[in-house]
Number of protein chains: 2
Amino acid sequence: MNPTMENCGFATALKAIEGKWKVDILCELGRAARRFGRLRRSIPAVSEKMLAQQLRELEADGLVDRTVHAGQPAKVVYSLTERGAALNVAAAALCRWGEAAERTADRSSAVAPDAVVA
Amino acid sequence: MNPTMENCGFATALKAIEGKWKVDILCELGRAARRFGRLRRSIPAVSEKMLAQQLRELEADGLVDRTVHAGQPAKVVYSLTERGAALNVAAAALCRWGEAAERTADRSSAVAPDAVVA
DNA sequence: GTAAACACTTACCCAGGCGTAACCACTTAC
DNA sequence: GTAAGTGGTTACGCCTGGGTAAGTGTTTAC
C-alpha cells in the first residue's frame, strides 16, 4: 500500500482479516465447518447482517468456502479453504505473541491481582 | 473480547497493530531506530498528527520506546522494544502468507497478464 | 526578517464501518 | 394463525478513525 510496505505481504494479510468479526469467524471455522445459524450462536454478539456480510467478504477473499446443500429448507455450510486454513496457521505465531503479551501485561498491570479480589 | 476469543491471543495482537500506520511504523523501526522527522519522510503519506498519535499508542502498548536526547533542539528517537521486535518476528509468518496470497491472486486473477499489456 | 527543521498539539470535518430493526420466502410445529 | 428456524437482504443512522489545516516554541541558516 505505502512505499515502505511494497515488499511486505503483511498488509495483504491484514486486509483479509480486518473486519470486526472475521477473526472470530476464522477461529470458529478453524474448529469445524459450521452452518450459518450455528456460527451466529457461536458468536452471540454478531448481528445477522454483519455475519452475512463478513462471510461474503471472506468468501470473496478465498478464505472461506460456502456450500449449499439443497433441501427444505436449504442448508448452507461454511468451511475454511486451504488458504483460510493456512492463514489460521500463520496467525498462530501472532496468537502466541498475544498470549505472552497478556501475561506480561497482567504482571506489570497497575492493579495488583489481590487488589482485584479485595 | 468475544467468548470465542477468550483463549486466543490473536485479538490482543490485532488490537496492538490496528491503526492505519502502525504496521508501516513497526516495519520502519524494525530496520533501525528512527527520529520523528525521518519516520515522517519514510512514510510520506502519513500526517504529523497521525504519526504522533500512532506512535503514542504504540508506546502505550509497550511496542515502541521513545527516548528524548536533550539539546537544542531536542531530539527524539523511536525504537522497537523487545516486545515490539517479538511482534515483528511473529508477524513474519503472516507476512509470508500474504506474499503467497498475492502470488496466487496474480495467477487466478480475472484479467490475464497479456490482457493488461494489450 | 523570514523560512525551515525540530517535534508536536489542537480544532474541525467527513466517510465508512458498524449497529438496529424490519422485511423476505419457505417449512415445521403448536 | 402464529411462532420459530432455515439464510439471508435492505434501509437508515450514528460514531469514531482518520484527514486537513493551522498553531506552538526554539534554533539555525539565508
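The figures here come from the full heavy-atom set of this structure, side chains too, leaving out hydrogens, waters and symmetry mates. Every chain is numbered from 1, with letters handed out A, B, ... down the list of sequences.
- For dC30(C), the paired base is dG1(D) (Watson-Crick or G-U wobble, both distances below 3.5 Å).
- A salt bridge links E28(B) with R31(B): at least one charged nitrogen is closer than 4.0 Å to a carboxylate oxygen.
- W21(A) places its CH2 atom 9 Å from the P atom of dC18(C), with the value rounded to the nearest Å.
- Listed by chain and residue number, Y78(B) satisfy the side-chain hydrogen bond (donor to acceptor under 3.5 Å, both in side chains) test with R66(B) (two or more places apart in sequence, or in another chain).
- Residues passing the side-chain hydrogen bond (donor to acceptor under 3.5 Å, both in side chains) test with E57(A), sequence neighbours excluded: K22(A).
- The OG1 atom of T104(A) sits 10.5 Å away from atom CD of E82(B), with the distance rounded to the nearest 0.5 Å.
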| field | Stepwise side chain to side chain contact (heavy atoms under 4.5 Å, CB included) test for D24(B) and V46(B) | value | CA-CA 10 Å; D24(B) 302 65; V46(B) 76; over 6 Å; no
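- First and last contacts of DNA chain D with chain B, using any nucleotide atom under 4.0 Å from a protein heavy atom and ordered 5' to 3', fall at dG18(D) to dT27(D).
- Computed from coordinates, the K20(A) NZ to dG17(C) P distance equals 14 Å when rounded to whole Å.
- Here E59(A) pairs with nothing under the salt bridge (Lys or Arg N to Asp or Glu O under 4.0 Å) rule; sequence neighbours left out.
- Using a 4.0 Å heavy-atom criterion, one finds that G71(A) contacts no nucleic acid atom at all.
- Distance R40(B) CZ to dA4(C) P: 14 Å, rounded to the nearest Å.
- Across all strands shown, E18(B) has no heavy atoms under 4.0 Å from either base or sugar-phosphate atoms.
- The side-chain contact (heavy atoms from CB on, under 4.5 Å) check on V89(A) picks up nothing, with sequence neighbours excluded.
- Heavy atoms of E57(B) sit nowhere under 4.0 angstrom from any nucleic acid atom.
- We find the SG-CD distance between C95(B) and E99(B) to be 5.0 Å, quoted to the nearest 0.5 Å.
- Using a 4.0 Å heavy-atom cutoff across all strands shown, R41(A) reaches sugar-phosphate atoms only and no base atom.
- Each of A74(B) and V46(A) was assigned the nucleotide of DNA chain C with the nearest heavy atom; the assignment lying further toward the 5' end belongs to A74(B).
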Any N/O pairs under 3.5 Å between the protein and nucleotides 9-13 of chain C? List them or say none.
{"unit_1": "dT9(C)", "atom_1": "OP2", "unit_2": "R56(B)", "atom_2": "NE", "d": "3.1"}
{"unit_1": "dT9(C)", "atom_1": "OP2", "unit_2": "R56(B)", "atom_2": "NH2", "d": "2.7"}

